[in-house]
K.L.:
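Here you go, one structure.
Every number for a ligand or one of its atoms is a count from 1 in the order of the listing. Here, residue 1 is the first one in the sequence, and each next residue gets the next number.
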Amino acid sequence: MRSFTYDIATKILFGKDKLSEMLPEIKAHGKRVLLAYGGGSIKKMGLHGAVTALLQKEGIFFKELSGIQPNPRITSVREGIALCREHQLDFILAVGGGSVIDACKAIAAGVPYKGDAWDFMIGKAQVQEPLPLGCVLTLAATGSEMNGSSVISNDETQDKRPMGHPSLRPVFSVLDPTYTFSVNKWQTGAGATDIMSHLFELYFTPDKGAYVSDAMTEALMRTCLVYGPKALEKPDDYEARANLMWAGTMALNGMMSFGKLPGDWATHMIEHEVSAIYDLTHGAGLAILFPNWMSYVLDEENVWRFAQMARNVWSVKADDDFEAAREGIAAVRQFFTSLGMPARLADVEIDGSHLDTMARKACVYGKLGALKRLAATDVEEILKRSL
Ligand code: NZQ
Ligand code: ZN
């Protein structure tokens with residue numbers, strides 16, 4: 001097991017009716033709030049009204065930034081930074097899914113920075129003393145509610161790039177599973193796929209001996225397996241929504257990578273290139289790509305890990321490691337299909353016209369992956385197999 005530092009600062013307010021408990025947390029960190037949200041789902045579900053009523057009752061000054069899109073754009077980030085500067089806002093409250101939270105992290109980093117916020121995404125600027133941020137999560141998927149990562153898209157350059165810093169971790173996150181009852185089937189399936197995919201990314205490293213992390217990761221995979229379909233079948237199943245929500249948060253708050261390399265992440269980097277050009281839902285892209293990545297990288301050296309997952313998560317019985325691994329990969333594909341996710345790029349009307357560009361851009365900073373290092377030619381082959 002590798003050495004690590006455990007330091008996850010976000011306070012989690014989990015369960016029904018926890019919203020008002022965010023007020024002391026906000027007041028501890030700021031006086032003037034940017035309230036940021038997406039395209040209106042929080043208004044339909046009454047959450048916008050509940051949040052604004054609480055802020056007003058406490059006499060907390062706030063300004064609103066609305067319309068943050070899925071695959072959040074740098075334009076929304078710039079708009080948020082300008083609002084914070086104009087009104088001297090000193091705290092950001094993100095109410096929504098991963099896209100809203102990610103945009104808010106980039107805003108938090110951008111307010112004290114003199115240059116353009118896109119600089120963070122291209123490695124030209126480092127995050128320094130960002131504004132504090134809190135979240136009210138409405139979609140179980142990204143884990144952004146308890147990590148320091150953000151992924152932002154740029155329509156002008158057709159790029160989608162990650163950035164991150166521990167100081168961007170939200171100071172609190174309200175996780176009320178009832179807020180996710182209204183998430184539709186597509187986004188519920190994509191969310192469960194994303195959670196499962198984060199677990200795959202963290203699980204598939206060459207490390208041996210990090211049994212605690214491996215076993216916890218397998219437990220979270222089984223949670224997705226059990227509760228993903230239940231949430232699809234019955235959107236207001238509290239137990240299903242609650243377990244998915246907590247699994248999503250735990251999957252990507254850092255805990256699952258303690259004692260090992262911080263994950264493979266090749267599939268995520270490839271997916272980001274697909275959604276940068278085609279504005280595809282993140283989870284749908286992962287559902288298409290992950291089983292193809294698995295089949296592509298499977299070899300003598302890493303087969304034990306695929307076989308271990310197949311047996312411990314998908315109850316595969318085969319004695320031979322390669323046979324178990326292949327059955328496990330087939331089970332992953334079947335699971336994503338059962339969540340209503342596409343299996344091929346053609347299913348989401350993507351053809352082969354930009355494969356070389358996507359492969360080249362995915363490797364712009366060098367080879368991808370930890371389990372197996374992938375060059376642009378490997379990435380292009382995985383994309384071809386996904387057509
Ligand atoms: O915009 P609104 O109206 O809020 O609607 C959203 C959006 O259309 C809707 N939605 C959210 N909560 C809802 C709801 N609809 C009804 N009821 C609710 N309670 O769902 C749609 C998708 O929302 P979005 O925030 O885009 O989804 P998600 O949470 O899956 O976030 C995806 C983004 O996060 C990035 C992805 O690349 C993508 O850009 N990721 C961020 C990560 C991170 N920060 O750690 C890691 C991930 O791997 C991922 O890359
Ligand atoms: Zn993801």
K.L.:
Go through the steps for Ser257 and Tyr203 under the test side-chain contact (heavy atoms from CB on, under 4.5 Å), then give the verdict.
P.N.:
CA-CA 8 Å; Ser257 56; Tyr203 193 74; over 6 Å; no
K.L.:
Relative to the heavy atoms of His268, which atoms of ligand 1 are at a distance of less than 4.0 Å?
P.N.:
48 (O)
K.L.:
If hydrogens are left out, which of Gly248, Ser41, Ser144 has an atom nearest to atom 15 (N) of ligand 1, that is, the closest non-hydrogen atom?
P.N.:
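Comparing heavy atoms across Gly248, Ser41, Ser144, the nearest one to atom 15 (N) of ligand 1 lies in Ser41.
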K.L.:
Counting only heavy atoms, tell me which of Lys160, Met146, His198 gets closest to atom 38 (C) of ligand 1.
P.N.:
Lys160
K.L.:
Looking at Asp116 and Lys124, does any basic side-chain N land under 4.0 Å from a carboxylate oxygen?
P.N.:
no
K.L.:
Nearest protein heavy-atom contact for atom 27 (O) of ligand 1: which residue, which atom, what distance?
P.N.:
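In this structure, atom 27 (O) of ligand 1 has Leu139 CD1, 3.6 Å as its nearest protein heavy atom.
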K.L.:
If the cut-off is 2.8 Å, does any N/O/S atom of Asp194 fall short of it from the Zn ion (ligand 2)?
P.N.:
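It does: Asp194 brings an N, O or S atom closer than 2.8 Å to the Zn ion (ligand 2).
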K.L.:
Taking only Lys NZ, Arg NE, NH1 and NH2, and the carboxylate oxygens of Asp or Glu, determine whether Glu273 and Arg161 approach each other closer than 4.0 Å.
P.N.:
yes
K.L.:
Any idea which atoms of ligand 1 are less than 4.0 Å away from a heavy-atom of Asn147?
P.N.:
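Near Asn147, meaning under 4.0 Å from one of its heavy atoms, ligand 1 has 45 (O).
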K.L.:
Do any nitrogen or oxygen atoms of Thr180 come within less than 3.5 Å of a nitrogen or oxygen of ligand 1?
P.N.:
no
K.L.:
Do Asn292 and Lys384 pair up side chain to side chain, a donor and an acceptor below 3.5 Å, judged on atom types alone?
P.N.:
no
K.L.:
Can you find an N or O of Val151 that's nearer than 3.5 Å to an N or O of ligand 1?
P.N.:
no
K.L.:
Can you list the residues that meet the salt bridge (charged side-chain N to carboxylate O under 4.0 Å, His left out) rule with Glu271, with sequence neighbours excluded?
P.N.:
none
K.L.:
Tell me whether Gly40 has any N or O atom under 3.5 angstrom from an N or O of ligand 1.
P.N.:
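Among all N and O atoms of Gly40, at least one is under 3.5 Å from an N or O of ligand 1.
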K.L.:
Evaluate the ring planes of Phe204 and Trp293, with Trp represented by its six-membered ring, and classify them as parallel (under 30°), tilted (30 to 60°) or perpendicular (over 60°).
P.N.:
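Answer is perpendicular, since the angle exceeds 60°.
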K.L.:
Can you find an N/O atom of Ser182 closer than 3.5 Å to an N/O atom of ligand 1?
P.N.:
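Indeed, backbone or side chain, Ser182 has an N or O that close.
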K.L.:
If you measure every N/O of Gly39 against every N/O of ligand 1, is any gap under 3.5 Å?
P.N.:
yes
K.L.:
Measure the acute angle between the ring planes of Phe181 and Tyr238, then classify it against the limits of 30° and 60° as parallel, tilted or perpendicular.
P.N.:
perpendicular
K.L.:
Looking at Pro70, which atoms of ligand 1 are within less than 4.0 Å of one of its heavy atoms?
P.N.:
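Answer, ordered by atom number: 7 (C), 8 (O), 26 (O).
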K.L.:
Between atom SG of Cys104 and atom CG of Leu93, what is the distance when rounded to the nearest 0.5 Å?
P.N.:
8.0 Å
